[in-house]
Amino acid sequence: MYISFNRPYLCGKEFTYIQDAIERGKISGNGHYTKLCHQYFTNHYNLKKCLLTSSCTDALEMSAILLNIQPGDEVIMPSYTFVSTANAFILRGAKIIFADSMQSMPNMDLNSLEDLITPKTKAIVVVHYAGIANDMDRIMKIALDNNIYVIEDAAQCVDSFYKNKALGSIGHLGAFSFHETKNIICGEGGLLSINDDQFTDRSEVIWEKGTNRAAFFRGEVDKYGWVDLGSSFLPSEVVSAFLYAQLENLKAIQKKRIELWDKYYEVLERLEARELAVLPRIPEYATNNAHMFYLITPTGAVRDSLIEHLKKNNVNAVFHYQSLHKSPYFNDKHDGRVLSSADHFSDCLIRLPLYFDLTLEQTTYIANSILDFYKLK
Ligand SMILES: *Cc1c(COP(=O)(O)O)cnc(C)c1O
């Protein structure tokens, strides 16, 4: 049987809740299920305020508007990330300063972070790769010392923590994704977490096309109108109904994913001992939400033949980001600094299938196929 890289799954009452949303007579945004999802996040992850969005990309774009990013402002972020992390700020005219990754894992290398700060630096975007936290205390201190905002691209971070604080709740703003490849899914979806009170009121206005409609429906203003910039960032109730069904099952989903992740680790640990591959590293300040299982091979050639080998064994394993500083769009805008760790992960990182419907048997089979590739079986 062919094992795909990802598979969207149903885990409970998705259809029931979608039907209920329709029967309630309102399927545009900010209704019953949107509110239930907001409550879930504020209660479980100690978020002050959050807003569902149509994607994490949207949540990042909202962040850029909230921070009043202007042409010429500089925003620092890792080069090893998804395009949306950068696009959201470039759309507002920001100049992106790409940082390198750590040597041992794709998260941003904080040792060189301060060197990238100039008087024009407005924000740092932290990407917690694979749902594994970067060192937020250190980042928040650097940001505070330099009067800079911090946005957490927490796209992969649902149910992951840094020193007992939920990822996405620590920076001034946090952006989550519920794209079908993430732990909790609704097709396309996201969430903006607003962790600094100065952004609370305006976030709702930007969310509702630049109007104070949300305050109007709470009875706080007696008419609503156009009061600021904005766009249509909120998802329909059909989407939030699907998402709420997933949230209700978050514990079971996470339990299953961690079981599969642990199985990979248990079988593949031998590769690290023999220096054949590097496995994910979980720093002592971070938890593992089992968003992703990856290996880093010594060279790109080994990575590519491992992908081929797995394909022959009916397993679809895939590479991941290509460094954004070298992308066709950005290449001539980059300042020429060599970002060797980001390039190394572009060439050598391979992601293995990991989703709710995958079985322990399939996971063992995939891991054994990898041992077989290294002639360890
Ligand atoms: C998935 C992902 C995004 C984009 O999420 P969407 O919901 O698809 O917009 C952004 N950043 C990172 C790090 C991601 O993994």
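Residues take their numbers from the sequence shown, with the count starting at 1. Counting convention: from 1, in listed order, for ligands and their atoms alike.
- Here is the list of ligand 1 atoms found below 4.0 Å of a heavy atom in Lys182: 1 (C), 2 (C), 14 (C), 15 (O).
- A distance-only check finds no donor-acceptor pair linking the side chain of Glu180 to the backbone of Pro8 [under 3.5 Å].
- When non-hydrogen atoms are compared, ligand 1 lies under 4.0 Å from the side chain of Tyr321 (C-beta onward) but not from its backbone.
- Ligand-side atoms of ligand 1 in range of Ser55: 7 (O), 9 (O), range being under 4.0 angstrom from any heavy atom.
- Ion pair Arg274/Glu269 not flagged as a salt bridge, since none of the NZ, NE, NH1 or NH2 atoms sits closer than 4.0 Å to an Asp/Glu carboxylate oxygen.
- Here Tyr129 and His320 bring their ring centres to under 6.0 angstrom of each other.
- In terms of protein heavy-atom proximity, atom 3 (C) of ligand 1 is closest to Phe82 CD2, 3.6 Å.
- With Ser4 contributing its side chain and Arg7 its backbone, the two residues share no donor-acceptor pair below 3.5 Å.
- Of the listed residues (Asp153, Thr181, Ile185, Leu191), the one carrying the non-hydrogen atom nearest atom 13 (C) of ligand 1 is Asp153.
- Remark: Phe41 pairs with Tyr45, Phe178 by the ring pair (Phe, Tyr, Trp, His ring centres under 6.0 Å) rule, at least two apart or across chains.
- Atom 7 (O) of ligand 1 has its closest protein heavy atom at Ser177 OG, 2.7 Å.
- Using bins of under 30°, 30° to 60° and over 60° for the plane-to-plane angle, the ring pair His172/Tyr149 lands in the perpendicular bin.
- With a 4.0 Å cut-off on non-hydrogen atoms, Thr57 touches ligand 1 through its backbone as well as its side chain.
- Only side-chain heavy atoms of Ala155 come within less than 4.0 Å of ligand 1; its backbone N, CA, C and O stay farther off.
- Of all the atoms in ligand 1, the ones that sit under 4.0 Å from a non-hydrogen atom of Val127 are 13 (C).
- Under the 4.5 angstrom side-chain criterion for Ile, Leu, Val, Met, Phe, Trp and Tyr, the cluster partners of Val205 are Val227.
- Heavy atoms of Gly189 approach ligand 1 to within less than 4.0 angstrom.
- Separation of the Phe293 and Trp261 ring centroids falls under the 6.0 Å cut-off.
- Among protein heavy atoms, the minimum distance from atom 15 (O) of ligand 1 is reached at Gln156 NE2, 2.8 Å.
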